[in-house]
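The next block holds one structure in the form of structure tokens; read it before the comments.
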Protein chains: 2
Amino acid sequence: MSTIKLDGVDKCIIRSLVEDARTPLLSIAKEVGISGAAIHQRLKKLEQTELIVGSKMVLNPKVLGYTTTAFVGIFLESASMYKSAIKKLQDIPEVVESHYTTGNYGIFIKILCKNNEDLMRLLNESIQSIKGVARTETFISLDQQIDRQIKI
Amino acid sequence: MSTIKLDGVDKCIIRSLVEDARTPLLSIAKEVGISGAAIHQRLKKLEQTELIVGSKMVLNPKVLGYTTTAFVGIFLESASMYKSAIKKLQDIPEVVESHYTTGNYGIFIKILCKNNEDLMRLLNESIQSIKGVARTETFISLDQQIDRQIKI
DNA sequence: GTTGAAACCGCGAAGCC
DNA sequence: GGCTTCGCGGTTTCAAC
């Protein structure tokens, strides 16, 4: 994966679309002072660089009743269980991120669930029943202040 | 924040747009078999429920040279330093998430940086120099297998 | 980089179950 | 309430410069 050079116009396009993926290209064009077609051409090139992965509509999990965010450090009986455990975690929709990290944990995950009861059920029934999982450590997020992408 | 009931069509709209925020409403309309205007009307209602927060273009940080993801548990000298520390963290662009969590840490953050050297600089110069930060514990993510939103 | 034209789409209005 | 059709205005996208 090669890195890339962006000029001011590219950055402006990206910043606009990162904030709102449906920003009309013409309004970006007006802002930076070039034609809409030029924005379109640059965007196509940027898409080819793989810098742009896609665009997602962002949901508010709270409206669906998912009010609890937690991080769970999972201790594995042996590191060799990593792959099979991940496979099982894929099937748990509440698991929204998984990482193989340095440190004590075999797997480190982020989960979203409806409430503490739901969290307990998830930990006891879904996660700790996965073959290879020895024990877990849970950090419940009581407040999230920062949530953003990398600055360009 | 009240929860909400979604029927099959709503779910189809949301699933399409979560995957690609620029999916034309008309193509969703064709897929579910109702008119484009109806999709548009439903989408407006969904936006009013606050389920839909917005839409973001998603970037691949690796293309910008940000190859290292890490989680950092921050110990504070006192819990009262939380607000002021968060304020300082806001100014560090590499910090992409911050949480107030149960457990030992005063603040738990996710950071993106270019390499291990960059990570060290960030920890030593930026984070540990924040007033109130006693010490930190770092987990470097060597592999991320899951990254998604909540399932609808 | 530009313009211009064509095709496509979003979006509101009005009316129909 | 939720759907339809209709049509205008704006947007994307292309070719040619």
Side-chain angles (χ1 to χ4, degrees), chain A residues 1-66 148-152, chain B residues 1-61 63-65 148-152:
Chain A
M1 186 98 37
S2 62
T3 59
I4 195 180
K5 262 290 170 200
L6 302 173
D7 70 7
V9 176
D10 290 327
K11 288 182 184 173
C12 211
I13 296 171
I14 292 169
R15 271 196 281 261
S16 299
L17 293 173
V18 164
E19 190 174 329
D20 178 2
R22 288 190 173 252
T23 311
L25 302 190
L26 289 177
S27 83
I28 302 173
K30 232 180 268 176
E31 195 180 324
V32 302
I34 62 178
S35 72
I39 303 288
H40 179 242
Q41 288 158 16
R42 278 167 175 266
L43 194 54
K44 286 201 93 169
K45 276 189 194 160
L46 288 171
E47 276 163 3
Q48 281 164 11
T49 64
E50 293 180 310
L51 168 59
I52 297 174
V53 175
S55 67
K56 302 204 180 312
M57 198 174 70
V58 184
L59 304 181
N60 180 354
K62 291 199 175 84
V63 176
L64 293 170
Y66 290 85
R148 59 190 176 196
Q149 289 194 62
I150 199 64
K151 196 183 169 194
I152 46 97
Chain B
M1 186 101 33
S2 63
T3 60
I4 195 180
K5 262 288 171 200
L6 303 173
D7 70 7
V9 176
D10 290 327
K11 287 181 184 173
C12 211
I13 295 171
I14 292 170
R15 271 197 281 262
S16 299
L17 293 173
V18 164
E19 191 174 329
D20 179 2
R22 288 192 174 248
T23 310
L25 302 190
L26 289 176
S27 83
I28 301 173
K30 233 180 268 177
E31 195 183 326
V32 302
I34 60 177
S35 73
I39 302 287
H40 178 242
Q41 288 160 17
R42 278 167 175 267
L43 196 52
K44 283 200 88 172
K45 279 195 187 156
L46 289 171
E47 277 163 2
Q48 281 165 11
T49 64
E50 293 180 310
L51 168 59
I52 297 173
V53 175
S55 67
K56 301 201 181 311
M57 198 173 70
V58 184
L59 303 181
N60 180 354
V63 176
L64 293 170
R148 60 190 175 195
Q149 289 194 62
I150 199 65
K151 196 183 169 195
I152 46 97

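Proteins get letters first, then strands, A, B, ... in listed order; numbering begins at 1 in each.
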Proximal nucleotide (of dC11(C), dC14(D), dC9(C)) relative to the Pro24(B) side chain: dC9(C)
Integer-rounded Å distance: dT12(D) P and Leu25(A) CG: 4 Å
Protein-nucleotide distance (Asp20(B), atom CG; dC9(C), atom P), rounded to Å: 13 Å
Leu26(A) side chain, from C-beta outward: closest of dT2(C), dT11(D), dG12(C): dT11(D)
side-chain contact (heavy atoms from CB on, under 4.5 Å) assessment of Leu6(A) paired with Leu46(A): CA-CA 9 Å; Leu6(A) 302 173; Leu46(A) 288 171; 3.6 Å; yes
Atom pair distance, as rounded to whole Å: CG in Leu43(B) and C1' in dG2(D): 15 Å
Option from Lys45(B), Glu47(B), Gln41(B) for which side-chain contact (heavy atoms from CB on, under 4.5 Å) with Leu43(B) holds: Glu47(B)
Steps toward side-chain contact (heavy atoms from CB on, under 4.5 Å) verdict (Glu19(A), Arg15(A)): CA-CA 6 Å; Glu19(A) 190 174 329; Arg15(A) 271 196 281 261; over 6 Å; no
Atom-to-atom span, CG of Asp7(A) to C1' of dG1(C) - whole angstrom: 12 Å
5' precedence on DNA chain D between Thr23(A) and Ala38(B) (nearest-nucleotide basis): Ala38(B)
Distance test, side-chain N/O of Lys44(A) to OP1/OP2 of dC14(D), below 4.0 Å: yes
dT13(D) base / Gln41(A) side chain donor-acceptor hit below 3.5 Å: no
Distance in angstrom units between Arg42(B) CZ and dG2(D) P, rounded: 7 Å
Separation of dC9(C) P from His40(A) NE2 (nearest whole Å): 13 Å
Phosphate OP1/OP2 of dC3(D): any Ser35(B) side-chain N/O under 4.0 Å: no
Test log, rule side-chain contact (heavy atoms from CB on, under 4.5 Å), inputs Val58(A) and Ser55(B): CA-CA 5 Å; Val58(A) 184; Ser55(B) 67; 5.7 Å; no
Rounded interatomic separation in angstrom, taking CD from Glu47(B) and C1' from dG12(C): 15 Å
Val18(B) and Arg148(B): CA distance, side-chain angles, deciding distance, side-chain contact (heavy atoms from CB on, under 4.5 Å) verdict: CA-CA 10 Å; Val18(B) 164; Arg148(B) 60 190 175 195; over 6 Å; no
Rounded interatomic separation in angstrom, taking NZ from Lys45(B) and P from dG1(D): 6 Å
Nucleotide nearest Ala37(A) when distance is taken to its side chain, options dG12(C), dC14(D), dT11(D): dC14(D)
